[in-house]
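See below for the structure under consideration.
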Amino acid sequence: MKCIFCGHIDSKVIDSRTNEDGLSIRRRRECIGCGKRYTTYETVETTPILVIKSNGARQPFSAQKVKSGMIKACEKRPVTITQIDEMVKNIEKRIYNSLSQEVETKQIGEMVMEELRAVDEVAYIRFASVYRQFKDISHFKEFLETFIK
């Protein structure tokens with residue numbers, strides 16, 4: 001690994017630790033040339049997943065967008081950020097395990113609804129009301145009736 005201070009090509013690893021999430025390794029390195037220390041992170045390289053939007057446009061999958069939508073749905077609810085992170089992680093796993101390089105926003109929305117329903121019913125209904133874009137109160141009422149059953 002090239003030193004960030006002097007550009008020397010060789011370094012030695014002093015310490016390696018797995019991060020808390022278990023998805024990356026933190027390495028402390030020491031440059032053979034100048035002796036300065038720096039940290040690097042090693043992660044698994046994944047194939048980028050493209051999200052197919054309702055208008056047909058494609059964009060890279062963003063777990064952060066999923067998380068922000070869930071945070072809005074869970075606002076003022078007894079749902080911790082740890083629970084939200086866990087739900088996002090579950091959705092991300094399902095998407096990557098599908099082995100498909102493209103996923104529709106509809107599929108992501110359904111996964112979010114499944115996760116929210118298991119954790120907080122009010123957050124689930126909030127998300128569904130935005131996601132399903134109810135045209136009027138009768139559509140919303142139909143949805144609630146199927147939910148209550």
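Computed from a predicted model, the values in this text were never measured in an experiment. Note that the numbering runs from 1 along the sequence shown for the chain.
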message = side-chain contact (heavy atoms from CB on, under 4.5 Å) for Leu23 and Thr43? Distances and angles first, verdict last.
response = CA-CA 6 Å; Leu23 300 175; Thr43 60; over 6 Å; no
message = Check for me, please, whether Val119 and Val88 land in the same ILVMFWY cluster - side-chain distances under 4.5 Å, paths through other members count.
response = yes
key: SG on Cys3 to NZ on Lys36, rounded to 0.5 Å   = 8.0 Å
request  = Kindly indicate whether the side chain of Gln64, heavy atoms from C-beta on, has any atom under 4.5 Å from the side chain of Lys67.
outcome  = yes
Atom pair CZ (Arg29) and OG1 (Thr40), whose distance is rounded to the nearest 0.5 Å = 4.0 Å
message = To the nearest 0.5 Å, what is the distance between NZ on Lys2 and CD1 on Ile9?
response = 6.5 Å
ask   = Are any non-hydrogen side-chain atoms of Met111 and Val66 less than 4.5 angstrom apart?
value = no
request  = Flag the pair Val103 / Ser98 as yes when at least one side-chain heavy-atom distance between them is below 4.5 Å, and no otherwise.
outcome  = no
note = One should read off an interatomic distance between Arg126 CZ and Glu75 CD, to the nearest 0.5 angstrom, of 7.0 Å
key: Close side-chain approach of Ile71 and Ile81, heavy atoms under 4.5 Å   = yes
inquiry  = If you define the side chain from C-beta out and look only at heavy atoms, does anything of Ile91 sit under 4.5 Å from Val112?
reply    = yes
inquiry  = Testing the basics here: between Ile25 and Ser16, what is the closest heavy-atom pair and its distance to 0.1 Å?
reply    = CG2-CB, 4.3 Å
key: Cluster overlap Met113 with Ile108, hydrophobic side-chain contacts below 4.5 Å   = yes
message = So, taking the atom named SG in Cys31 and the one named OH in Tyr38, what distance separates them when rounded to the nearest 0.5 Å?
response = 6.0 Å
key: Straight-line distance of Gln107 CD to Arg94 CZ, nearest 0.5 Å   = 9.5 Å
task = Say whether Leu50 and Ile52 are linked into one hydrophobic cluster, either directly or through other cluster members, by side-chain heavy-atom distances under 4.5 angstrom.
result = no
ask   = Hey, does Met70 have a side-chain heavy atom less than 4.5 Å from the side chain of Glu115?
value = yes
ask   = Would a distance-only check, ignoring hydrogens and angles, find a side-chain to backbone donor-acceptor pair under 3.5 Å from Arg37 to Ile14?
value = no
